[in-house]
S.K.: 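Just passing along the structure, written as structure tokens.
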Amino acid sequence: MPELPEVETVVRSLGPRLIGQRIESVRVLFRPLLRQSHPLALQALKGARILGLRRRGKMVLLDATNGLSLLLHLKMTGRLLLCPKEKTLGKHTRLIIALGDEEELRFEDSRKFGFVRLIKTEKAEEAAELKSLGPEPLELGMKRFCELLHHRRGRLKSLLINQSFLAGIGNIYADEICFEARLHPSTEVSRLGHREKRRLWSAIRTVLTNAVAARGTSIRDFRDGEGREGGFQAFLRVYGREGEACFFCGARIKRLRLAGRSTHFCPRCQRKGRSSVSS
DNA sequence: GTCGATGTTATCAA
DNA sequence: TTTGATAACATCGA
């Protein structure tokens, strides 16, 4: 579920409300959430205060005053919620971080794919989960983007969702970006012309920026830090629209399987190859 | 009740 | 390097 815009929305909605709060206790309700690490390790956060929340790719980093950071991945169905302590626990609550006053931060995750891990803040960039990530798509200039693209091969969609190429793009936004760029998702990346590369770079910026502005996409599970839905689902142009008319040309949106993922595109607007000639 | 699909990603084989 | 299949799991809808 949560891709860059959703994680960014969580961080923005929660950050200001968490800064300065003291961590009163940490309770792990689902041990595998920690992967290999020991449950007691998380107790090192106790007593520290929260410096802030950050995002890197699809990951959340909670920095504490004692030099430790909690790394979180929401995977498909993870949610990070700030709520009153007395609020009834959801069925899928996996972690509770009680804060100084009347509130606590809860990690909920029905499918149990998400995980958390404690790391040293100063070593954050070296953590395996972050080290392998490509650059932030919204902090990348066009020239550098074209350079990164230069020696890559494979299908466009596979590359877009590859976290070591760019960090944060997942299935929904990959499809939307391909549409915005008018490129077929199975386009061979090595055959993109310079013009198409620029169009792609620009499409990435447009789609992600708009999605962040709309506070993410809530198709099913996504909620921000206060339990609110996002709004970008109203602006999706291909994802989840199989069989419906393309808003631009009226052709039926098609769906195929690519890189193991459901892939949506307009067969008329997104033709393979040579599209740089016409634009 | 059953089947297939779901926004993520690690791992393995080819 | 890259792809495809698979697995982790619960829920939803047909």
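Letters go in sequence order (proteins before strands), and every chain restarts at 1. What you see below is based on every heavy atom in this structure, not just the backbone, and it leaves out hydrogens, waters and symmetry mates.
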S.K.: Reading 5' to 3' and counting Watson-Crick or G-U wobble pairs with both distances under 3.5 Å, write the dot-bracket notation for DNA chain B, | for bases paired outside the strand.
M.R.: .|||||.|||||||
S.K.: I'd like to know whether CD of A/E126 has more than 12 heavy-atom contacts from other residues, nucleotides or ligands below 6.0 angstrom.
M.R.: yes
S.K.: Please report, rounded to the nearest Å, how far the P atom of B/dT8 is from the CG atom of A/L72.
M.R.: 17 Å
S.K.: Distance check, C1' atoms only: B/dG1 and C/dA8, in whole angstrom units.
M.R.: 24 Å
S.K.: Answer with yes or no whether the side chains of A/K272 and A/T187 bring together a donor and an acceptor at under 3.5 Å.
M.R.: no
S.K.: Salt bridge or not between A/E226 and A/R228? Use side-chain N to carboxylate O under 4.0 Å.
M.R.: yes
S.K.: Under 4.0 angstrom, heavy atoms only, what part of the nucleic acid is A/R255 near: base, sugar-phosphate, or nothing?
M.R.: sugar-phosphate
S.K.: Take the protein atom CD of A/E6 and the nucleotide atom C1' of B/dG7, then report the distance between them rounded to whole Å.
M.R.: 8 Å
S.K.: Just how far is it from atom CG of A/L80 to atom CZ of A/F107, taken to the nearest 0.5 Å?
M.R.: 7.0 Å
S.K.: B/dT6, B/dT9, B/dG7: which one has an atom nearest the side-chain heavy atoms of A/S262?
M.R.: B/dT6
S.K.: Run through A/E103, A/E104, A/E108 and flag the one making a side-chain hydrogen bond (donor to acceptor under 3.5 Å, both in side chains) with A/R106.
M.R.: A/E104
S.K.: In residues 222-248 of chain A, which ones come under 4.0 Å of DNA chain B, going by heavy atoms?
M.R.: A/F222, A/Y239
S.K.: Taking NZ in A/K85 as the centre, count heavy atoms belonging to other residues, nucleotides or ligands within less than 6.0 Å. Is the count above 12?
M.R.: yes
S.K.: Return no unless some side-chain N or O of A/R257 is found under 4.0 Å from OP1 or OP2 of C/dT3.
M.R.: no
S.K.: When every nucleotide of nucleotides 4-14 of chain C is labelled 5' to 3' by its protein contacts under 4.0 Å (heavy atoms), B for base, S for sugar-phosphate only, - for none, what sequence of letters results?
M.R.: S---BBBSS--
S.K.: Any salt bridge between A/E188 and A/R153, counting N to O under 4.0 Å?
M.R.: no
S.K.: Mind calculating the distance between OH (A/Y173) and C1' (B/dT8) to the nearest angstrom?
M.R.: 15 Å
S.K.: Base, sugar-phosphate alone, or nothing: which one does A/D109 contact when heavy atoms must sit under 4.0 Å apart?
M.R.: nothing
S.K.: Please report the closest heavy-atom contact between A/A64 and A/L45, naming both atoms and the distance.
M.R.: CB-CD2, 3.9 Å
S.K.: Between atom CG in A/L130 and atom C1' in B/dT9, what is the gap in whole Å?
M.R.: 15 Å
S.K.: Where do A/N171 and A/Y239 come nearest, in terms of heavy atoms and distance?
M.R.: ND2-CE1, 3.9 Å
S.K.: Could you tell me how far apart A/I161 (CD1) and B/dT8 (P) are, to the nearest whole angstrom?
M.R.: 8 Å
S.K.: Quick one about A/D63 and A/S69 (side-chain donor to acceptor, distance below 3.5 Å, no hydrogens or angles considered), yes or no?
M.R.: yes
S.K.: Quick one: A/K58 NZ to B/dG7 C1', roughly how many Å, whole number?
M.R.: 8 Å
S.K.: Quick one: label A/I219 by what it contacts on the DNA or RNA (base, sugar-phosphate, nothing), any heavy atom closer than 4.0 Å.
M.R.: base
S.K.: C/dT1 C1' sits how many Å from A/F165 CZ, rounded?
M.R.: 14 Å
S.K.: If you measure only the distance, is there a donor-acceptor pair under 3.5 Å linking the side chains of A/T77 and A/D221?
M.R.: no
S.K.: Salt bridge check: are A/E244 and A/R252 linked by an N-O gap of less than 4.0 Å?
M.R.: no
S.K.: Rounded to the nearest angstrom, tell me the gap between atom CG in A/N162 and atom P in B/dT9.
M.R.: 10 Å
